[in-house]
Amino acid sequence: MYPNIIFFLIDGLRADQFYGNNRTCKTPNIDSLIKSGIYCEQAVSSTDGTIISLNTIFNSNFQVGNAANYQKLVLNQNNLIDVLKKNGYHIYGIFPNLTPFNSLQQYFENEKNSFEWIEGNEPPETLSTGLAERITRVLESTEKQEPYFCYFHIFDLHPLREGKKSIGIEKFDDEEFGSSMYARTVSSIDHWLGNILKKIDLEKTLLVITSDHGERIPFENKSHLDFQPEFDSAVKAGRKYLPRSLHTVGGKFSGKVKNTIGRVKQSSTNVGLTPYQKRSRDPYFTLSLFDELIRVPLLFVGTSIKPRIITKQVRHVDIFPTIFELIDIPLDITISGKSLVSAANEISEEEEPNYLHTMPYQKSSPLDRVGIRTGKHKYFRASQDSKKNVNLYDLENDPYENNNIARSYKQLVVRLEKKMLGLEKDNLSKYKEEISDKEMQRITDELKRLGYINS
């Protein structure tokens with residue numbers, strides 16, 4: 001029988017907070033897993049947002065052309081989940097109750113397969129407020145059939161994008177567990193993963209842990225919100241004395257004033273900081289292809305895996321081809337990804353380039369970026385004009401991407417542009433996203449409540 005597969009996707013988890021010496025979080029359970037598995041220390045997402053990332057992972061194809069603007073997870077016919085089902089796998093999981101995930105939900109055989117995030121009166125569900133227990137119940141269920149594929153999408157880090165703490169973090173909100181709220185949340189995630197891991201038999205299970213994208217960790221714990229003035233008394237007075245019909249207009253005006261003052265104060269405070277440090281204080285939903293937003297952890301543990309660290313660049317599109325080789329199921333569909341291991345379970349030395357595209361706004365934006373990343377260089381530019389906002393970085397000598405060397409290495413820019421266009425040509429999708437007006441409106445409303453779109 002094929003091994004069971006458990007896939008944890010921890011939304012917004014940076015690679016440098018999962019592994020390495022520059023962390024302040026406490027992750028004994030993750031550390032133990034890394035020692036017994038294949039860890040990819042230079043794993044890279046194709047994007048800074050969730051939906052393109054998931055489409056890239058579950059289809060093992062780069063999102064280019066119109067596909068780069070998809071607003072939901074699109075699982076084409078004969079996708080990788082279908083391949084698992086055809087080989088006898090049963091599909092289970094839990095994910096946030098958001099419209100873009102509906103196509104994945106259709107595969108799940110367990111009924112209670114989502115958790116509330118932005119709807120209803122209950123607080124959002126995190127590992128500490130019940131999600132860990134629900135995951136455990138799925139894993140312990142006697143009704144679950146083997147072999148199975150379980151997908152668990154963890155949203156514990158997402159509140160930080162909204163300027164909030166993850167609920168139930170109190171036990172870990174101390175310097176002992178990290179120098180930032182982000183690091184402390186990672187410590188909490190590790191604790192709950194440890195409890196869940198007690199229910200997993202790694203002798204007959206392939207465990208995969210990754211993330212959809214990285215995240216900003218504000219320098220000195222000061223985000224853009226910390227530079228905005230408080231207008232509480234003025235807002236209360238306005239609501240009291242202005243007609244209700246003017247509340248919305250007044251609120252927008254107040255918001256613009258706060259943002260303007262905040263930008264001025266932040267600009268003054270940022271004097272002397274590196275570009276990396278300045279970027280860390282950008283609003284959380286600012287489009288970006290810098291490594292802090294696209295470097296992710298990627299770990300395979302279990303079955304007969306030989307422990308090792310892969311230092312070469314690997315990509316989201318490589319995850320499922322690697323899974324299929326590890327469980328010994330051949331793939332005969334056209335994909336962009338390649339397995340990271342050979343039939344003899346040895347690491348492939350060949351390194352492949354990674355296509356990059358920022359997450360989509362609903363309308364075309366001058367902030368959109370496209371690019372390509374190798375293990376040595378990263379190149380990106382404005383998606384609508386190849387001559388605008390051209391960026392080139394030497395990742396080996398400038399890992400924090402502080403020095404744009406595009407003007408000094410124009411021939412390299414030309415070569416990487418040509419390679420990027422080749423990836424786009426080779427990965428044009430034959431399928432189109434089907435989305436109704438009603439579904440699009442639901443997605444828009446959800447994105448507004450999550451903070452991705454201004455009201």
Side-chain angles (χ1 to χ4, degrees), residues 12-17 20 22-25 44-45 47-49 157-164 178-186 211 213-230 255-296 356-359 361 365-371 373 377-383 388-409 413 451-452 454:
L13 181 55
R14 288 168 57 137
D16 62 359
Q17 298 298 303
N22 297 322
R23 304 177 302 150
T24 59
C25 52
V44 188
S45 172
T47 186
D48 56 338
L157 286 163
H158 208 280
L160 298 176
R161 285 199 156 201
E162 303 158 56
K164 304 173 184 177
S179 59
S180 67
M181 185 51 62
Y182 186 102
R184 295 169 191 179
T185 306
V186 174
S211 177
H213 54 78
E215 190 56 276
R216 294 172 176 85
I217 301 178
F219 179 66
E220 294 182 336
N221 292 321
K222 293 182 179 179
S223 74
H224 74 287
L225 297 173
D226 294 306
F227 297 99
Q228 295 182 351
E230 294 290 342
K256 289 182 179 179
V257 173
K258 287 178 65 175
N259 288 335
T260 299
I261 295 175
R263 283 195 294 269
V264 172
K265 291 176 64 178
Q266 183 174 336
S267 178
S268 175
T269 308
N270 282 352
V271 172
L273 300 187
T274 66
Y276 168 76
Q277 292 167 338
K278 292 177 182 178
R279 293 195 306 267
S280 75
R281 292 175 171 177
D282 284 344
Y284 280 109
F285 300 105
T286 303
L287 300 183
S288 172
L289 292 177
F290 288 102
D291 265 15
E292 59 265 26
L293 269 294
I294 65 170
R295 282 282 294 273
V296 296
L356 305 175
H357 197 297
T358 47
M359 67 181 182
Y361 281 152
S365 168
L367 298 177
D368 292 338
R369 301 285 183 267
V370 292
R373 189 188 190 281
H377 294 98
K378 181 190 292 177
Y379 160 71
F380 62 89
R381 43 88 168 171
S383 64
K388 288 186 177 180
N389 299 307
V390 178
N391 286 255
L392 177 67
Y393 297 94
D394 179 348
L395 299 176
E396 290 186 328
N397 297 304
D398 180 25
Y400 291 100
E401 298 164 291
N402 285 316
N403 303 302
N404 183 0
I405 59 174
R407 291 184 178 180
S408 301
Y409 293 86
V413 167
Y452 285 95
N454 292 326

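Basis for what follows: all heavy atoms, side chains included, without hydrogens, waters or symmetry-related copies. Note that the coordinates shown come from a computational prediction; the quantities given were computed from them, not determined experimentally.
Of all the heavy atoms in Ser211 and Gly12, the pair that sits closest is OG-N, 3.4 Å. Pairing each heavy atom of Asn397 with each of Pro399, the nearest pair is C-CD, 3.6 Å. Counting all heavy atoms, side chain and backbone alike, Ser180 lies closest to Ile217 at OG-CG2, 3.9 Å. Pairing each heavy atom of Cys25 with each of Ala183, the nearest pair is CB-O, 3.2 Å.
Between the CG atom in Leu287 and the CG atom in Asp282 there is a gap of 10.5 Å [rounded to 0.5 Å]. Taken to the nearest 0.5 Å, the CD atom of Gln17 stands 6.5 Å off from the OG1 atom of Thr24. Distance check, rounded to the nearest 0.5 Å: CD1 of Ile405 to CG of Asn391 gives 10.5 Å. One finds the OH atom of Tyr276 at 9.5 Å from the CG atom of Asn402 (value rounded to the nearest 0.5 Å). Distance CG/Asp394 to OG/Ser408: 11.5 Å, rounded to 0.5 Å. One finds the CZ atom of Phe380 at 6.0 Å from the CG atom of Leu289 (value rounded to the nearest 0.5 Å).
Within 6.0 Å of CZ in Phe219 there are more than 12 heavy atoms belonging to other residues, nucleotides or ligands. Other residues, nucleotides and ligands contribute at most 12 non-hydrogen atoms within 6.0 Å of the OH atom of Tyr409.
Taking the six-membered ring for Trp and the full ring otherwise, the centers of Tyr393 and Phe290 sit less than 6.0 Å from each other.
A donor-acceptor contact shorter than 3.5 Å is absent between the side chain of Arg369 and the backbone of Thr358. Of the possible donor and acceptor atoms, none in the side chain of Arg216 sits under 3.5 Å from a partner among the backbone N and O of Glu292. No side-chain donor-acceptor contact under 3.5 Å links Asp368 to the backbone of Ser383. Panel note: side chain Asn404, backbone Val390; a donor-acceptor pair is recorded below 3.5 Å.
The side-chain heavy atoms of Asn270 and Arg281, taken from C-beta on, include a pair separated by under 4.5 Å. Side-chain atoms of Leu395 and Arg373, non-hydrogen and from C-beta on, do get closer than 4.5 Å to each other. Residues Arg279 and Glu401 are in side-chain contact: their nearest non-hydrogen atoms beyond the backbone lie under 4.5 Å apart.
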Would Arg23 and Arg14 satisfy side chain to side chain contact (heavy atoms under 4.5 Å, CB included), going step by step from the backbone distance to the final call? CA-CA 11 Å; Arg23 304 177 302 150; Arg14 288 168 57 137; over 6 Å; no
- Task: Apply side chain to side chain contact (heavy atoms under 4.5 Å, CB included) to the pair Asp48 and Phe285, showing each step before the final yes or no.
- Result: CA-CA 9 Å; Asp48 56 338; Phe285 300 105; over 6 Å; no
Requested in this report: Go through Lys378 and Asp291 one step at a time and tell me if the side chain to side chain contact (heavy atoms under 4.5 Å, CB included) criterion holds.
Outcome: CA-CA 9 Å; Lys378 181 190 292 177; Asp291 265 15; 2.7 Å; yes
Practice task
I would like to know whether Gln277 and Tyr400 meet side chain to side chain contact (heavy atoms under 4.5 Å, CB included); could you show each step before the answer?
Solution key: CA-CA 9 Å; Gln277 292 167 338; Tyr400 291 100; over 6 Å; no
